[in-house]
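Counting begins at 1 with the first residue of the sequence. Predicted model, so just to flag it, every value in this text is computed and none were measured.
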Amino acid sequence: MSDNQRNTTTNDTAPAGDVETTDAAPTGDGEATTMTETPGDGTVPKDGGAVKATLSSRKAHLTVSRVEPWSVMKFSFVVSLVCFIILFVAVAVIYATLSMLGVFDELTNMINALLEGDGDGDGELGLNPAAWFSPGRVLGYTGVVGALNIVLITALSTVGAMVYNLVADLVGGLDVTLSEAE
């Protein structure tokens, strides 16, 4: 019996007094169909609406004894890539906002005033504070840090999955209890 057949079977021999319940069962084309069980005598409740039955929740006790490192690597790569994109967009928005407010111009003026000191030498130290806050430099460093994060998070997650598998072989893994929600 396929999953679709198993999900769409109905209880035709329901005793009288049962209440109407509805379940969504997936069809082969990705849409859900509604399955309805009615009382055995075919009557509908007087108010015309469906009455939900309280079902006892089922619980399953499972053990996670192995985590596939390849799937952990793919998952952590995609998550870290999304985090990189979020980081890059956030830094770009914050940089644009601060730039429009003139924060970087004021910082450059303040640093130049501090570096001038005596005023007898123009640019004695050879520092260019305006280049420190250029968009190319800020976003470039953000890209480098984000790329390193992608590599490190992916590698550490994969190594963590391998370590988990070794430890799970010794102690048996994690016990998980799943309960069905209504």
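In terms of heavy atoms, Thr158 sits closest to Pro69 at CG2-O, 4.1 Å. When all heavy atoms of Ser157 and Val72 are compared, the closest pair comes out as O-CG1, 3.4 Å. Closest approach of Ala168 and Ser65 over heavy atoms only: CB-O, 3.4 Å.
For the atom pair CG of Leu178 and CZ of Arg58, the computed distance is 11.0 Å after rounding to the nearest 0.5 Å. Leu81 contributes atom CG, which lies 11.0 Å from atom OG of Ser76 (distance to the nearest 0.5 angstrom). Interatomic distance, Lys59 NZ to His61 NE2, rounded to the nearest 0.5 Å: 7.0 Å. To the nearest 0.5 angstrom, Phe133 atom CZ is 5.5 Å from Thr108 atom OG1. One finds the CH2 atom of Trp132 at 10.0 Å from the CG atom of Leu107 (value rounded to the nearest 0.5 Å).
No chain of hydrophobic side-chain contacts below 4.5 Å, direct or via other Ile, Leu, Val, Met, Phe, Trp or Tyr residues, connects Val79 to Val82. Trp70 and Val78 end up in different hydrophobic clusters when Ile, Leu, Val, Met, Phe, Trp and Tyr side chains are linked at under 4.5 Å. No single ILVMFWY cluster, assembled from side-chain heavy atoms under 4.5 Å apart, contains both Met73 and Val163. Taken together through direct or relayed side-chain contacts under 4.5 Å among Ile, Leu, Val, Met, Phe, Trp and Tyr, Val91 and Ile85 form part of one hydrophobic cluster.
Asn165 places a side-chain N or O within 3.5 Å of a backbone atom of Val67 that can act as its donor or acceptor partner. Listed for the Ser134 side chain is a donor-acceptor partner under 3.5 Å among the backbone atoms of Ala131.
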Extract all donor-acceptor atom pairs below 3.5 Å that involve side chains of residues 140-155 and protein atoms in other chains or at least two apart in sequence.
from, atom 1, to, atom 2, distance (Å)
Thr142, OG1, Val138, O, 2.8
Thr154, OG1, Ile150, O, 2.7

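Side chains of Leu174 and Tyr164 form a contact here, defined as non-hydrogen atoms less than 4.5 Å apart.
Heavy atoms from other residues, nucleotides or ligands lying under 6.0 Å from CZ of Phe77 number 12 at most.
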